[in-house]
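Notes follow the structure.
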Amino acid sequence: MTRSDALALAAAFAGGAILGTAAGLLFAPAKGEDQRAKIMEALEKRGVKLSKESFNKLVDEIKNLGRKRKDDGYQEVPAEDFDVE
């Protein structure tokens, strides 16, 4: 490998690392608090009004269903399992 080939390879690697880092920062999910606020806003736009307590309960139920699915080998969970007021 010539010196120019080595420099080109190093530059390509460094450029890829920089672009990958930038893309990761740009597309990283928001903090949980920010995500919850966005979800609550989206629900309200669709006419779903939940108190903060009810919303947190819904989030906990979704988390528990996800854990249940994982423990059960990702079996389908019936829609009736969602306790939404």
From [X] [atom1] over to [Y] [atom2], what is the distance, rounded to the nearest 0.5 angstrom?
X: Lys38; Y: Glu33; atom1: NZ; atom2: CD; answer: 12.5 Å
X: Glu53; Y: Leu58; atom1: CD; atom2: CG; answer: 12.5 Å
X: Glu44; Y: Leu50; atom1: CD; atom2: CG; answer: 8.0 Å
X: Lys49; Y: Ser54; atom1: NZ; atom2: OG; answer: 13.5 Å

Within residues 4-17 or reaching into it, pairs that qualify as side-chain hydrogen bond (donor to acceptor under 3.5 Å, both in side chains) - sequence neighbours excluded: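 The answer is Thr2-Ser4, Thr2-Asp5.
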Charged N-O contact under 4.0 Å between Lys45 and Glu41: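 The answer is yes: the pair qualifies as a salt bridge.
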Set of side chain to side chain contact (heavy atoms under 4.5 Å, CB included) partners for Ile39, sequence neighbours left out: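 Scan of Ile39 (side chain to side chain contact (heavy atoms under 4.5 Å, CB included), adjacent residues dropped) gives Leu43, Phe55.
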